[in-house]
Participant: 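Questions regarding the structure given below will be posed in turn.
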Amino acid sequence: MTRLCVSIYVEAIATAKRDIAEAIEAGAEMIELRLDVMTDLVLANQLVEACSVPCIVTCRAAYEGGDCELADGERVVFLSTLATAHDAYYDLELIADKRVPHSNAGRLILSSHDFKGRPDRLYNLMEEMNARPAAVSKMAWMARSIRDCQEAFELMQSRQRPTIAQCMGEAGQISRILAKKFGGFLTFAAVREHATTAPGQPTIEQLKQVYRWDALDADTRVYGVVGSPIAHSMSPAVHNAAFAQAGINAVYVPLLVNKGYESFKAFMETYIVGDGPLQMDGLSVTIPHKENALRYLREHGDGVDIEHLARTIGAVNTIVVDRSHGKPQLAGRNTDYAAILDTITSALSIDRSALKDKRIAVIGAGGTGRTGVAALAAAGATVVVFNRTIDRAQALAREFDGKSGTVVAAPMDKLSECACDIFINTTSLGMSPNVNDSPFGEHPPPLSSANLVFDTVYNPPRTKLLQQAESRGAQTASGVDMFIHQAAAQFELWMSLPAPVDAMRQALTDRLTPPTL
Ligand code: NAP
């Protein structure tokens, strides 16, 4: 059993007692008391007594990233006294264990921490720890990249006794989320945001509510979203809600992969085509890796199935991994373009074939604009591309004009005179926190109930652009609709099951800031 352990940094007794109660209420199965600056034995005893779940006491030495100023000998006496009195675990660095003789190895967590990076002697250090008397071996290091987590999984999987192996930092977060899959002794969580005791530590609420902690086991399949930055992605909440609703033993995690093709390729070779402990079953791909995903799949070999429009757009946002024939078979898809088309056709209750009779303004010529223009041109629509930087709009028009619809470019200042049926905002204008911005500015084009205004921005769900459209009687579609369409398409590609869209939409809207206009 892998325990969910909330780590509490103790500065004052009253707040620490409150945090202990809050952590246990939230479902903590173990409490770690970081007593670096609270080394009064009487007060520390009170805190351990307040823990109604098993407890670890530690006061981390400054030489391993802590704040405790006591000499090793004093720390050992303090911690082992507490542990013996309460049958608690005590965590002591390997260095201190070697320096100071002590007993009670049955409750000792022997540890090594490296805040700079992966220790050169990672496996030797683990061997050295395992050779000494202790209950648990613990190795924590700052991840240089997400690939370091594969070694943490290996250490947990090949354990000779109960083992904690966790990578710190954002790139290390999956080693914490997936500790239960690999049989780690525990994972550490924070009681709430901004109360972390190590970089990259998730909160107990995130582990339980977003990352499905209670449902994880050795057989849990792993999916995720590759990007940089990735910490604020809504995709984990949406996909994990879908897995939970559909009763699928799977989890979806954020995967921080630094920009650049080589980083993406190394990630794929570690977690998708490699033979390490974690072999993932599907990926979402976001900024800045959609082009890298296409390149990787193109270079990977003949057997890779890449959707035609993903090649045309130049971006893959979904990778499907079929492991049923041994060697993983990969497929690349772009669910963004289908989501743009489906958002429009469901809002207007029309088929895709009806798009050829529509004149559509696409505002923006970045990645989403390009996807929209390619998809709409392929559907035969007439497209006018408006963009702040007119050169980009013109380049897009040249590329997609005639494939098979007509595509022309126009300067942004002509938008207020535009007589299109459908307007799509693909710029970031209006996105939180700049909720008072709109690509229409203060002069929207003439609109009526015959028009559809579709904002790809989803935070806030009801943007200023959509409010301007509604107040003129136009129909609207939101970025939430698009987000759910693209995520539902990914779910269906991976699972070959209908996506539970209501649960996905609820998970997304629960996490978005309420409209503030
Ligand atoms: P991108 O490639 O960086 O493109 C940004 C576009 O916005 C460019 O056309 C840029 O014009 C324009 N722009 C930026 N700031 C502007 C300003 N102050 N005034 C006028 N134009 C401005 O970004 P992207 O990846 O396409 O993403 C754009 C938006 O799409 C995001 O904000 C996101 O909300 C939305 N999106 C939604 C979903 C969904 O599922 N709902 C999915 C993906 C993206 P220039 O060419 O002149 O720089």
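Just so you know, ligand 1 is whichever comes first in the structure, and atom 1 is the first atom listed for that ligand. All residue numbers refer to positions in the sequence shown, counting from 1.
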Participant: Begin from the C-alpha positions of Q506 and D502 and carry the test side chain to side chain donor-acceptor pair (under 3.5 Å) through to its verdict.
Facilitator: CA-CA 6 Å; Q506 189 64 51; D502 291 344; over 6 Å; no

Participant: Who's touching ligand 1 if we go heavy atoms under 4.0 Å?
Facilitator: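 These residues qualify: I287, G364, A365, G366, G367, T368, N387, R388, T389, R392, T426, T427, S428, L429, M431, T456, V457, Y458, G479, M482, F483.
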
Participant: Tell me if the CD atom of E299 is crowded by more than 12 foreign heavy atoms within 6.0 Å.
Facilitator: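 More than 12 within 6.0 Å, yes.
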
Participant: Show me, pair by pair, the donor-acceptor contacts under 3.5 angstrom made by side chains of residues 267-275, not counting sequence neighbours?
Facilitator:
{"residue": "E269", "atom": "OE2", "partner": "Y296", "partner atom": "OH", "Å": "3.2"}
{"residue": "T270", "atom": "OG1", "partner": "A266", "partner atom": "O", "Å": "2.8"}
{"residue": "Y271", "atom": "OH", "partner": "I146", "partner atom": "O", "Å": "2.7"}
{"residue": "Y271", "atom": "OH", "partner": "Q150", "partner atom": "N", "Å": "3.1"}

Participant: Near E417 CD, under 6.0 Å, is it more than 12 heavy atoms from other residues, nucleotides or ligands?
Facilitator: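 Result for CD/E417: enclosed.
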
Participant: State whether Y261 and K265 meet the cation-pi test: NZ (Lys) or CZ (Arg) under 6.0 Å from the six-membered ring centroid, and within 45° of the perpendicular axis.
Facilitator: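 That pair does not qualify as a cation-pi contact.
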
Participant: With ring pair (Phe, Tyr, Trp, His ring centres under 6.0 Å) as the test, pick out the partner of Y223 among F491, Y211, F243.
Facilitator: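 Among the candidates, only F243 passes.
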
